[in-house]
Structure formats: structure tokens, C-alpha cells
Amino acid sequence: SHFYLGKTFLAKNDYENSYLELEKAVEVLRNISAEISNPDFKKRYLNEPAKLDLFTVMKKLAAVLIGKPDLIKSGKPAV
């Protein structure tokens, strides 16, 4: 899965490849969620822990890539 490959790259501090893989995971998520017509089902799907983890990791990685890791509020690592 793109998500876990992205997290593996991130653990190795390979931020560029991590971002590319995580972006692919987000695209898959967008495509799937676009096909869910029921708003309640879509909300539940997007609020599953793995999806929320993807969004959290992407947010932290984006902060690192733009050179502003101080934007990350928690002291927890991204992986």
C-alpha cells in the first residue's frame, strides 16, 4: 500500500519519496470517497483510524517539507 510505503520512507527520513507515496494514497482515498454517495457512509469511511492517520502523517510531512516543523503541535513523531 502507498500509505505504508510512504511511512517506511518517512522512517528513513526520505521525505520526498515519502510524500510521493503518501500523495498516491490520498489520491486513492479521494477516488474511493468520490464514489460514496451516502454522506453518512462517506463520513464514516473518512473517519476510520487509518484514514485519519494518513491525514496526520501528510500534515506533519508537509510541515517538514516546507521547512516549518514548528507547525507540528504535538511532540510525537509522524510515524
Side-chain angles (χ1 to χ4, degrees):
S1 136
H2 295 293
F3 175 60
Y4 293 109
L5 187 55
K7 285 182 77 168
T8 300
F9 281 127
L10 188 58
K12 295 178 179 182
N13 295 324
D14 185 347
Y15 301 122
E16 291 81 13
N17 282 320
S18 177
Y19 183 82
L20 292 172
E21 289 300 323
L22 293 172
E23 185 63 31
K24 290 176 189 175
V26 168
E27 185 63 29
V28 169
L29 193 61
R30 280 187 192 128
N31 291 339
I32 292 171
S33 66
E35 297 296 320
I36 302 172
S37 59
N38 182 304
D40 291 331
F41 290 159
K42 184 181 284 194
K43 183 177 180 178
R44 276 189 273 161
Y45 176 75
L46 292 173
N47 283 317
E48 290 176 354
K51 278 87 173 179
L52 295 175
D53 190 25
L54 171 61
F55 298 138
T56 300
V57 171
M58 280 296 286
K59 187 183 228 181
K60 290 180 179 184
L61 180 57
V64 169
L65 288 173
I66 64 170
K68 299 193 178 202
D70 53 307
L71 293 176
I72 303 169
K73 294 185 179 182
S74 76
K76 296 180 183 177
V79 288

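These numbers come from the heavy atoms of this one structure, side chains and all, not from hydrogens, waters or symmetry mates.
- Nearest heavy-atom pair, Asn47 versus Leu52, reported as atom, atom and distance to 0.1 Å: O-CD1, 3.3 Å.
- For the atom pair CG of Leu10 and CD of Glu16, the computed distance is 11.0 Å after rounding to the nearest 0.5 Å.
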I'd like a table of donor-acceptor pairs (distance under 3.5 Å, sequence neighbours excluded) in which one partner is a side-chain atom from residues 35-46, with atom names and distances.
residue	atom	partner	partner atom	Å
Asn38	OD1	Asp40	N	2.8
Asn38	OD1	Phe41	N	3.1
Lys42	NZ	Ser33	O	3.2

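- Side-chain atoms of Asp53 and Phe3, non-hydrogen and from C-beta on, do get closer than 4.5 Å to each other.
- In this structure a side-chain-to-backbone donor-acceptor pair under 3.5 Å is present from Ser18 to Gly6.
- Residues satisfying the side-chain contact (heavy atoms from CB on, under 4.5 Å) criterion with Lys24, sequence neighbours excluded, are His2, Glu21.
- Distance check, rounded to the nearest 0.5 Å: CG of Leu29 to CE of Met58 gives 11.0 Å.
- Following chains of ILVMFWY side-chain contacts shorter than 4.5 Å, one can reach Tyr4 starting from Ile32, so the two form part of one hydrophobic cluster.
- For Leu20, the side-chain contact (heavy atoms from CB on, under 4.5 Å) partners two or more places apart in sequence, or in a different chain, are Asn17.
- Interatomic distance, CG of Leu65 versus OH of Tyr15, reported as 8.5 Å (0.5 Å rounding).
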Item to check | Evaluation steps, side chain to side chain contact (heavy atoms under 4.5 Å, CB included), between Arg30 and Val26 | outcome: CA-CA 6 Å; Arg30 280 187 192 128; Val26 168; 3.6 Å; yes
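- Remark: Thr56 OG1 to Leu61 CG distance equals 12.5 Å, nearest 0.5 Å.
- Leu54 and Tyr19 fall within the same hydrophobic cluster, defined by Ile, Leu, Val, Met, Phe, Trp and Tyr side-chain heavy atoms under 4.5 Å apart, directly or through other members.
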